[in-house]
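Below is one structure; the comments refer to it alone.
Nothing fancy with the numbering, it's 1 onward along the sequence.
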Amino acid sequence: MCGIVGYIGHRDAYPIIVKGLQRLEYRGYDSAGVAIYDGEKINLAKTKGKVEDLKKKAESTISIEGKLGIGHTRWATHGVPNDVNSHPHYSNSGDLVIIHNGIIENYESIKKELTKRGYTFKSDTDTEVLINLIEEVQKSEDVKLGKAVQLALNEVVGAYAIAVFDIKKPDEIVVAKLGSPLAIGVGDNEFFIASDASPFIEFTNNAIYLQDEEMAIIRLGKEIKLRKIKNDAIAYPNILELKMNIEEIEKGGYDHFMLKEIYEQPRAILDTYRGRLRAAQGLVKMAGIDENLEKFMNANRIIIVACGTSWHAGLVAEYIFEDLARIPVEVEYASEFRYRNPVITDKDVLIAISQSGETADTLAAIKLAKEKGAYVFGVCNVVGSSIARESDSGAYTHAGPEIGVASTKAFTTQITVLTLIALKLAKEKGAFSQSRFHEFLTELETIPAKVEKVLESNALIEKIAEVYKDSTNCLYLGRGYNFPVALEGALKLKEISYIHAEGYPAAEMKHGPIALIDEQMPVFVIATKRGHYEKVVSNIQEIKSRKGKIIAIVTEGDTQVKELADHVIEVPETLESLTPLLTTIPLQLLSYHIAVMRNCNVDQPRNLAKSVTVE
């Protein structure tokens, strides 16, 4: 959440910053701002609302000429969303300006001390407190900006990614990071700053990802100077060559990023198992597992920690690991894990799942597990992200950038990676025969084509969406492997259409939710042939007898459920453990079309952020 963009170089800064902020809109925000240095003064514009609102205000009220600038999209924490609380923020003198992602937890005590020293505050934000603390340190210690930032950050508690500019140092920007991501794009005598690489990928493929508690002094005509915030030790930048291309972060002719990403799933799943799955040879090759196989083979249990959609992928993985590899698994909300004094030992393996690799709660769970001696394996989509760096080993999904706030291809690619791990461990443990192992590998190779087949039902799904777009409540039911899919389907509908929805194990319906069912209640039921089919049919009959509206996802050729359901969406047949990769697709499309028909902001739903980097 929150987006940071900065530029210093030979180009005009304003268009780079505005376009960069638009590319970071997926992170979720409620206000935006920009500060441009024109060679004499800082020209600042900020406003509640979207980047388009900022453009109108900036281009009509300030000079946008200049080769240095910083911009920000804010997701409100301290202080309501309004123009005053929006970033950037000035120091009292007006010489310093800052943008900040994160939370300064001890800002109130710092603010009281600064107030005693004569400082005044226009906003309710912790960020304005931080920039004035930096200014106070700069004055009282008589130090340059970089040193003032370092000393000030040693006094704060919390998380941050910041960029600071001093009008007295017009060729320099100081940045720092703890907990929130920050990347520096390195060009030809020009530098870019951003929360991720998407704002600068068209200008340079070279990037430095700051580590936690690192700061950088970025100066024109000089090499970047990296230092450790705690002890002032010199750090050495690791410049990565990015593989992302500009086409991946554009809509490519689709109306929304979410729809584009739904349709990218066949390729994303293929890219995720490409090189790892070798059906002809009967092999699964994953370096992160191969090189640490003993840790997994000797584990007493696997603990999976994640949030939101990634948590649902973890629930699917629980079924897969226990069913195939016969390893006990516990799936935990990362946001609860660290606060309940969990029992963790050095015989545990913790798998942390996150699309962005920056989820604050999941990072906190990793750190706790490592303190207790557990082995940590990360599953994420973003190369060089914090979870990738904090984990002992891991595996990347290869979904490509996911811009829409509501995750789609993250879910299916995470399940793909976790399935590969379970299959490898099952083979190593001798949990099933070579022929069964080969059957799984061969079937997994067919999944991208089968997802393509499901996507052909889009027109039918759009018609179903038209029927239920005005519903106020919906119920999602599944059993076994498809219970987590029911949870994920309900989450998608809530996230982007703002319709209340709940997911349940189908068998639990009669233990409470059945009281909700009447002729106004749409019930989405996953009823594939593989997995408790007859039991689900019984549940459907119970719904039908209470006049509920039934939308069923069934295996191709099904006749029994067709006779009971109001609407049927078919998916190709596959192994039971692989059905979530198919059954989730219609639910994603249903949510998408319903949200569009309700005129909701599909890619940027209200109050939500893509990368939740604060607790």
Side-chain angles (χ1 to χ4, degrees), residues 1 24-28 75 181 196 198 248-249 251 254 256-269 271-272 304-317 331 333-335 351-362 378-382 385 387 395-418 451 455 476 484-498 501 503 580-592 594-595 600-613:
M1 58 183 63
L24 294 178
E25 286 185 305
Y26 72 89
R27 298 175 69 84
W75 194 86
D196 66 40
S198 59
E248 290 181 309
I249 56 174
K251 288 181 183 175
Y254 290 90
H256 298 92
F257 281 111
M258 183 179 179
L259 186 62
K260 173 176 178 276
E261 288 157 12
I262 290 171
Y263 272 84
E264 285 176 341
Q265 286 175 110
R267 192 210 70 199
I269 292 169
D271 286 347
T272 295
I304 296 175
V305 293
C307 299
T309 289
S310 296
W311 185 73
H312 295 154
L315 289 177
V316 175
V331 184
Y333 282 114
S335 53
I351 298 178
I353 312 172
S354 166
Q355 188 281 140
S356 67
E358 301 292 348
T359 310
D361 289 315
T362 307
V379 175
C380 58
N381 187 39
V382 180
S385 59
I387 286 175
Y396 287 114
T397 58
H398 293 291
E402 191 180 63
I403 306 300
V405 168
S407 280
T408 51
K409 59 181 180 175
F411 183 66
T412 47
T413 54
Q414 286 166 356
I415 291 173
T416 302
V417 162
L418 294 162
V451 172
L455 290 168
Y476 287 71
V485 175
L487 293 176
E488 175 63 10
L491 176 62
K492 284 291 143 305
L493 191 69
K494 283 183 279 195
E495 282 182 311
I496 63 171
S497 75
Y498 317 139
L581 294 168
L582 304 181
T583 55
T584 194
I585 308 299
L587 300 182
Q588 293 172 352
L589 287 169
L590 273 164
S591 298
Y592 169 78
I594 288 173
C600 297
N601 190 334
V602 174
D603 288 333
Q604 299 163 43
R606 66 190 183 203
N607 304 330
L608 293 180
K610 182 70 179 174
S611 179
V612 184
T613 57

- Item | Sub-4.5 Å side-chain heavy-atom contact between V417 and T272 | yes
- When every non-hydrogen atom of S385 is compared with those of S356, the smallest separation belongs to CB-O, 3.4 Å
- Query: How long is the span from the OG1 atom in T408 to the CG atom in L259, to the nearest 0.5 Å?
  - Reply: 9.5 Å
- Message: Working to the nearest 0.5 angstrom, can you tell me the gap between T584 OG1 and H312 NE2?
- Response: 10.0 Å
- Task: Answer whether the closest heavy-atom distance between the side chains of V451 and L582 falls below 4.5 Å.
- Result: yes
- Task: State, with a plain yes or no, whether a side-chain heavy atom of L455 is found less than 4.5 Å away from one of L589.
- Result: yes
- When every non-hydrogen atom of V382 is compared with those of Y396, the smallest separation belongs to O-CE2, 3.4 Å
- Task: Specify whether H256 and Y592 have parallel, tilted or perpendicular ring planes, treating 30° as the upper limit for parallel and 60° as the lower limit for perpendicular.
- Result: perpendicular
- Query: What distance separates I353 CD1 from T362 OG1, expressed to the nearest 0.5 Å?
  - Reply: 9.0 Å
- Rounded distance (nearest 0.5 Å) linking atom CG of L315 with atom CD1 of I415: 10.0 Å
- Among Q414, E264, E402, H398, find the residue that satisfies the side chain to side chain donor-acceptor pair (under 3.5 Å) test when tested with K409. E264
- Message: Quick check for you: to the nearest 0.5 Å, what is the distance between I387 atom CD1 and C380 atom SG?
- Response: 6.0 Å
- Query: Looking only at heavy atoms, what is the nearest atom pair of Q355 and S310, with distance?
  - Reply: N-OG, 3.9 Å
- Task: Measure the spacing between CG of L581 and OG1 of T416 and express it to the nearest 0.5 Å.
- Result: 5.0 Å
- Within the side chain of K492, is there an N or O that forms a donor-acceptor pair under 3.5 Å with the backbone of S407? yes
- Item | T412 vs Q265, side chain to side chain donor-acceptor pair (under 3.5 Å): CA-CA, chis, key distance, verdict | CA-CA 7 Å; T412 47; Q265 286 175 110; 2.9 Å; yes
- V379/T397 under side-chain contact (heavy atoms from CB on, under 4.5 Å): CA gap, chis, key distance, verdict: CA-CA 7 Å; V379 175; T397 58; 4.1 Å; yes
- Identify the heavy atoms of S591 and I496 that sit nearest to each other, and give their distance. O-CD1, 3.4 Å
- Query: For A410, does its backbone N or O pair with a side-chain atom of T413 as donor and acceptor, under 3.5 Å?
  - Reply: yes
- Considering all heavy atoms, the nearest A490-G503 contact: CB-N, 3.6 Å
- Task: Indicate the atoms forming the closest heavy-atom contact of M258 with D603, along with that distance.
- Result: N-OD1, 2.9 Å
- With Y476 as reference, evaluate V485, L587, L487, L491 under the side-chain contact (heavy atoms from CB on, under 4.5 Å) test and give the passing residue. L587
- Message: Is it the case that the side chain of S497 and the backbone of A595 share a donor-acceptor pair, with hydrogens and angles ignored and the cut-off at 3.5 Å?
- Response: no
- Message: Between Y498 and R606 (side chain of the first, backbone of the second, donor and acceptor by atom type, cut-off under 3.5 Å), is there such a pair?
- Response: yes
- Query: Under 3.5 Å, side chain of N381 to main-chain N/O of P401, donor-acceptor pair present?
  - Reply: no
